[in-house]
Protein chains: 2
Amino acid sequence: MFAFNEINTPLRTIMTPGPVEVDPRVLRAMSTPVLGQFDPAFTQIMNETMEMLRQVFQTKNRWAFPIDGTSRAGIEAVLCSVIEQGDRVLIPIYGRFGHLLTEIAERSGADIHIMECEWGDVFDQEEIINEIKRVKPKVVAIVHGETSTGCMQPLDKIGPACRALNVLCIVDAVATIGGTEVKVDEWQLDAVIGGTQKCLSVPSGMAPISYNDRIEQVINVRKKVEKGIATEDDLLDVKQPIRSNYFDLSQLQDYWGPRRLNHHTEATSMLYALREGTRIVLQEGLKERFERHLLHEKALVEGIKAMGLKLFNDVPWKLPMVTCINIPEGIDGESVRMMLLRQFGIEIASSFGPLQGKIWRIGTMGYSCRKENILFVLAALEGVLIRHGASVQVGQGLQAALNVYELPHLIVK
Amino acid sequence: MFAFNEINTPLRTIMTPGPVEVDPRVLRAMSTPVLGQFDPAFTQIMNETMEMLRQVFQTKNRWAFPIDGTSRAGIEAVLCSVIEQGDRVLIPIYGRFGHLLTEIAERSGADIHIMECEWGDVFDQEEIINEIKRVKPKVVAIVHGETSTGCMQPLDKIGPACRALNVLCIVDAVATIGGTEVKVDEWQLDAVIGGTQKCLSVPSGMAPISYNDRIEQVINVRKKVEKGIATEDDLLDVKQPIRSNYFDLSQLQDYWGPRRLNHHTEATSMLYALREGTRIVLQEGLKERFERHLLHEKALVEGIKAMGLKLFNDVPWKLPMVTCINIPEGIDGESVRMMLLRQFGIEIASSFGPLQGKIWRIGTMGYSCRKENILFVLAALEGVLIRHGASVQVGQGLQAALNVYELPHLIVK
């Protein structure tokens, strides 16, 4: 009756906006035998990971640790720990993941105010700042890199404006962390959520977050230690306790901090993966890593254009690690994607909502963001488009990309 | 400035009630290169895992899938998806994890009714059934195996009583799944949460759950699809939407079911681990696996007793995979644990609340539950106790355990 074999997966070239290929060193780190959660050898790994995350987030924040869940778990942990019933939250939406922020904040009891722009645009920062002044929210929650549209919202003025107006600024940097600048301290962002399965090239399943003492003050007021492990010093009568136990940052602080109070059992192997992933990021160097992402983006974009295709996000606010291509008139986008997967083992993405069926999205993130992948996807896309009867400039895509690689200094970004 | 090396952990003998040693085959499975979440090769792995989980849970339930978080994430997903504001929930508490159920249910808005017994006891099932009749709750939430006290609550009559009284029976089987019988269908349990890092010998970070159509009915009424991806057929006006997006089982059903509606990005490598872990359980055979847990428990218990130590949980309701030892008068329990770790690389556990400092807990779970580990922990414990000036029957522990291994048929359980 029992009939399942050992796992045996095909090897793919993953060029989506996540999850992307995992660095082989991270895969190996995950096969390390586990340690108990309070073993000193393990708590040292926890501390090292916190220190490396601080460097990746470019922050001096005390708190920088992962939530044991996927990226949206990190978002929910921050929002539900900060938002109390009726708190006013302003959410500027420019794609699907702005809607997700709304969705999560709403379930946390927020009084939501949204601003929306066309998918493909971003906001002028002044426009958001004016709306903050008008709405006077407790929190502004905003996406930094919107993978659904391939756009990136500048934040360098929004953060300081929030600080000046005493508003908390919470940023979804799931797509951008480790791939482009996310200057938590310089931009004065109060809480930031990163993703593992994108530019960090770690599998999905953890969400590194960082937040400052402004956020911590809000959280600590709501702190409620579990009855099974509370001591007499712990307040048990809390006005608005955080609605989630699992995502309760005040308890997670006691687990990641020196008190080491039992909460969940840390996801050992995923932490090994995150530690190795952040180590590799820092070993490569943030600047060098961001430049690598730009180089391969450039090669891909030049190749796509030379092929005769048009970019959906050929705009100054293009998200550097996501390139969106308008599906040519008369071509079945899903059929192209399927042929790429079945014949070439290459995965690219479609999109959501108003953009469904209109664009393909190609990710150039983390370990997937390397020369041979760019060249392979360009060659394969040309081949598949020809088989679909599309008109392409045969052979031009690869040549344009090779030009970028051979003469990167001649190409002005 | 950058100074962290590759991960380099000591190899431990982990004899706690979790997390325990991970089967090497599971560790290898985790180093498999990842797939995209909607790759047909990956959705097949999702389906296979669901099928194997059904067999491990001994159920024909349609829904059996993991929550991407640690065990308490699974508990919170079930409780917060089922419990609406003001719902009456009865929770019998016989240790720390009963308190955790209270904690989570309370934050979900439940009107909590508790029953408590001494730590070390369990409830007579009739006592609980009478309380169900009196309180008339919507939900009974109860722990099957309480690792904090090493006790196991019989459920075979509580489940059918709940069914007859139209009460939902939700069971925390985190410690027992894969190590002893958890007969979801036969005992008529409506929802069950398992743990990975205990008898399944998979790292912490996923929580397999299963639930039946009685639970599904409650959940479906609260279903609210995210605005960014909802279609016209999806109700957007829901009376009491589930308070969590991440733990919303109604959305998770659409992700694990044929609609494959995007929710989180499944934790790829952890799913590989869970698939391999459940595969190994079924390959060994449930019956054979439970017998193996009993055999090694027997050897450990006989060894501990022969050494002259007393069990805290030498009771008919002993949890087979957790053996609790009374710390002898005048011995510093933490010092013993530290010496075991530092000199022998062996980890055993202390306990919580009223039992803190009073007992040691030794787990015999999953891959950690094997002959060489039992013999090593007995030998090491004897050595360490002698160094702490305790009076022990020198040499007797190992001999008693070896007797069990050489003559298992002579030992009556």
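By convention in this document, chain letters (A, B, ...) are assigned in the order of the sequence lines, proteins followed by strands, and residues within each chain are numbered from 1.
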Restricting to non-hydrogen atoms, name the atom on [X] and the atom on [Y] that form the minimum distance, rounded to 0.1 Å.
X: B:Pro19; Y: A:Gly36; value: CG-CA, 4.1 Å
X: A:Ser31; Y: B:Ser31; value: CB-CB, 4.3 Å
X: A:Thr70; Y: B:His264; value: OG1-CB, 3.2 Å

Going by the rule salt bridge (Lys or Arg N to Asp or Glu O under 4.0 Å), which residues pair with A:Glu266 if we only count those two or more places apart in sequence or in a different chain? none

Counting heavy-atom pairs under 4.5 Å to chain B, which of [options] comes out on top?
options: A:Glu48, A:Glu276, A:Gln44; result: A:Glu48
options: A:Asp68, A:Leu341, A:Thr265, A:Val22; result: A:Thr265
options: A:Ile104, A:Leu35, A:Ile14; result: A:Leu35
options: A:His263, A:Met270, A:Glu347, A:Met206; result: A:His263
options: A:Ile75, A:Thr32, A:Val26, A:Leu271; result: A:Thr32
options: A:Leu100, A:Thr16, A:Thr196, A:Thr268; result: A:Leu100

Assess the residue pair A:Phe247 and B:Tyr246 against the criterion (ring-ring contact (aromatic ring centres under 6.0 Å, His included)); give the C-alpha distance rounded to whole Å, side-chain angles, the decisive distance to 0.1 Å, and a yes or no. CA-CA 10 Å; A:Phe247 292 135; B:Tyr246 192 68; 5.7 Å; yes

Examine whether an atom of [X] lies under 4.5 Å from a heavy atom of chain B, and if so say whether it belongs to the side chain, the backbone or both; otherwise answer neither.
X: A:Ser71; answer: neither
X: A:Glu76; answer: side chain
X: A:Ile45; answer: side chain

Just to verify, what does A:Glu284 make a side-chain contact (heavy atoms from CB on, under 4.5 Å) with, not counting sequence neighbours?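 With sequence neighbours excluded, A:Glu284 shows a side-chain contact (heavy atoms from CB on, under 4.5 Å) to A:Glu288, A:Arg289, A:Arg292, given in chain and number order.
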
Rounded to the nearest 0.5 Å, what's the gap from [atom1] on [X] to [atom2] on [Y]? Could you check?
X: B:Arg12; Y: A:Asp39; atom1: CZ; atom2: CG; value: 4.0 Å
X: A:Ser350; Y: B:Phe38; atom1: OG; atom2: CZ; value: 9.0 Å
X: A:Asn245; Y: B:Leu101; atom1: CG; atom2: CG; value: 10.5 Å
X: B:Ile7; Y: A:Arg275; atom1: CD1; atom2: CZ; value: 5.0 Å
X: B:Leu282; Y: A:Phe4; atom1: CG; atom2: CZ; value: 8.5 Å

B:Arg260 atom CZ, over 12 foreign heavy atoms within 6.0 Å: yes

Winner by heavy-atom pair count (cut-off under 4.5 Å) against chain A, out of [options]:
options: B:Tyr272, B:Phe42, B:Phe97; result: B:Tyr272
options: B:Gly285, B:Pro33, B:Gly109, B:Gly353; result: B:Pro33
options: B:Arg96, B:Arg28, B:Arg72; result: B:Arg72

Go through B:Arg107 and A:Lys224 one step at a time and tell me if the side chain to side chain contact (heavy atoms under 4.5 Å, CB included) criterion holds. CA-CA 11 Å; B:Arg107 295 191 188 210; A:Lys224 182 167 171 287; 3.8 Å; yes

Per-residue contact mode, B:Asn8 against chain A (heavy atom under 4.5 angstrom):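 It is neither, since no heavy atom gets under 4.5 Å.
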
Applying side chain to side chain contact (heavy atoms under 4.5 Å, CB included) to B:Gln37 and A:Gln197, what does each step give before you reach the verdict? CA-CA 11 Å; B:Gln37 63 176 331; A:Gln197 79 281 13; over 6 Å; no

